[in-house]
Amino acid sequence: MAAALKRAYLAVYNWAVFSGWAQVLYYAVTTLLRSGHQDVYAAIERPLQLAQTAAVLEIIHGLVGLVRSPISATLPQIGSRLFVTWGILWSFPETTTHILVSSLVISWSITEIIRYSFFGTKELLGSAPSWLQWLRYSSFLIMYPTGISSELGLIYIALEYIKASEKYSFRLPNAWNYSFDYFYASIMVLLIYVPGSPHMYTYMLGQRKKALSKSKTM
């Protein structure tokens with residue numbers, strides 16, 4: 001009974017988030033073709049925020065043992081995306097008309113549509129078709145570099161606005177006797193991408209090799 005409830009919950013979760021990302025992709029592509037990249041973010045802001053923030057549940061799923069995904073791989077990826085979604089795009093609207101927003105959301109949404117449909121199908125049927133498994137473990141070869149490049153570019157573009165606005169920064173003296181500079185914190189995030197991105201890409205290559213070699217022996 002518990003196993004059936006777990007599978008039902010995960011199936012609903014995966015297909016619900018899949019529908020969110022499908023909406024993001026549809027609005028992004030249609031807006032891009034109709035009126036240009038400068039209007040893409042306005043068209044996808046709310047569904048993007050909902051779909052990406054829903055990924056926080058994946059961290060909880062890993063912590064409570066609902067899924068086997070390692071937190072060490074899930075947390076950095078979701079954390080960086082939340083930072084870009086809320087800490088850059090939502091916080092600094094000056095960045096939202098850049099063409100990198102289009103490449104970002106298209107890369108993210110294609111990746112997530114494939115990923116959530118793969119896991120949703122597995123939870124519903126017990127397995128996924130081989131072509132969907134291949135897409136799940138191969139699409140990142142292109143989508144990860146384009147997504148990461150867009151993330152880095154948007155964070156870099158935002159730096160001048162972060163510095164000028166001093167948003168989220170705390171200066172001394174204050175009641176908490178604590179200082180924080182969001183500008184330098186954002187630079188630190190950029191620097192973390194340098195070792196973090198190749199490490200994640202290498203990890204995914206290993207996962208791809210393991211998953212596809214296993215499917216060949218079945």
Side-chain angles (χ1 to χ4, degrees), residues 3-35 37 39-69 71 73-90 96 100-144 146-148 150-151 154 204 207-208 211:
L5 286 173
K6 170 187 166 183
R7 288 186 61 179
Y9 164 74
L10 289 174
V12 170
Y13 168 77
N14 280 289
W15 286 112
V17 185
F18 163 87
S19 67
W21 283 110
Q23 190 177 21
V24 171
L25 182 61
Y26 173 78
Y27 286 145
V29 172
T30 54
T31 304
L32 186 62
L33 295 175
R34 184 177 63 248
S35 55
H37 68 268
D39 295 324
V40 167
Y41 182 76
I44 56 89
E45 179 179 28
R46 185 54 57 86
L48 172 67
Q49 291 169 349
L50 290 172
Q52 188 54 67
T53 305
V56 171
L57 288 172
E58 293 182 37
I59 299 172
I60 298 172
H61 295 164
L63 288 171
V64 301
L66 275 179
V67 297
R68 291 181 294 175
S69 300
I71 297 299
T74 306
L75 186 59
Q77 190 167 20
I78 293 174
S80 64
R81 285 189 174 198
L82 288 172
F83 175 71
V84 173
T85 300
W86 293 101
I88 299 298
L89 296 176
W90 182 75
T96 59
L100 285 177
V101 173
S102 299
S103 58
L104 177 84
V105 297
I106 290 172
S107 298
W108 280 6
S109 56
I110 290 174
T111 299
E112 300 298 39
I113 285 169
I114 293 169
R115 187 168 72 91
Y116 284 110
S117 62
F118 172 76
F119 287 116
T121 302
K122 282 189 72 175
E123 295 300 338
L124 276 178
L125 306 178
S127 64
S130 57
W131 62 267
L132 186 54
Q133 182 174 18
W134 185 87
L135 282 175
R136 161 71 181 95
Y137 290 102
S138 301
S139 60
F140 79 89
L141 294 169
I142 297 173
M143 294 300 116
Y144 187 77
T146 57
I148 284 290
S150 302
E151 291 175 39
L154 287 167
M204 290 189 292
Q207 292 294 100
R208 179 180 189 270

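Everything numeric here is computed off the predicted structure, so don't read it as measured data.
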Starting at [atom1] of [X], measure out to [atom2] of [Y] and round the result to the nearest 0.5 Å.
| X | Y | atom1 | atom2 | result |
| --- | --- | --- | --- | --- |
| L25 | I110 | CG | CD1 | 5.5 Å |
| S130 | R136 | OG | CZ | 15.5 Å |
| T146 | L100 | OG1 | CG | 10.5 Å |
| I148 | S80 | CD1 | OG | 5.5 Å |
| L57 | L63 | CG | CG | 11.5 Å |
| Q49 | W86 | CD | CH2 | 3.5 Å |

Practice item. Apply side chain to side chain contact (heavy atoms under 4.5 Å, CB included) to the pair T85 and W90, showing each step before the final yes or no. Key: CA-CA 6 Å; T85 300; W90 182 75; over 6 Å; no
Using modelled atom types and a 3.5 Å cut-off, is there a donor and acceptor pairing between side-chain atoms of [X] and backbone atoms of [Y]?
| X | Y | result |
| --- | --- | --- |
| T53 | L50 | no |
| S19 | A16 | yes |
| S109 | I106 | yes |

Which pair of heavy atoms, one from [X] and one from [Y], lies closest together, and at what distance?
| X | Y | answer |
| --- | --- | --- |
| S69 | T74 | CB-OG1, 3.8 Å |
| K6 | G65 | NZ-O, 4.4 Å |
| L10 | N14 | O-ND2, 2.7 Å |
| I44 | V24 | CG2-O, 3.4 Å |
| L82 | Q52 | CD2-O, 3.9 Å |
| V105 | V40 | CG2-CG1, 4.1 Å |

Under a 4.5 Å cut-off applied to non-hydrogen side-chain atoms, are [X] and [Y] in contact?
| X | Y | result |
| --- | --- | --- |
| R46 | Y27 | no |
| M204 | L141 | no |
| L48 | W21 | yes |

Report all side-chain donor-acceptor pairs from residues 115-128 shorter than 3.5 Å, counting only partners two or more places apart or in another chain.
from, atom 1, to, atom 2, distance (Å)
R115, NE, E112, OE1, 2.8
R115, NH1, E58, OE1, 3.0
R115, NH2, E58, OE1, 3.4
R115, NH2, E58, OE2, 3.1
R115, NH2, E112, OE1, 3.3
R115, NH2, E112, OE2, 3.3
Y116, OH, E58, OE2, 2.2
S117, OG, I113, O, 2.8
S117, OG, I114, O, 2.9
T121, OG1, S117, O, 2.7

Point to revise | Atom CD1 of I142: over 12 foreign heavy atoms under 6.0 Å | key: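 Result for CD1/I142: open.
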Practice item. Please name all residues satisfying ring-ring contact (aromatic ring centres under 6.0 Å, His included) with F140, sequence neighbours left out, ordered by chain then number. Key: Y201
Exercise for review: State whether a side-chain donor-acceptor pair under 3.5 Å links S150 with S103.
Suggested key: yes
Review point. Taking it one step at a time, do L5 and Y9 satisfy side chain to side chain contact (heavy atoms under 4.5 Å, CB included)?
Key: CA-CA 6 Å; L5 286 173; Y9 164 74; over 6 Å; no
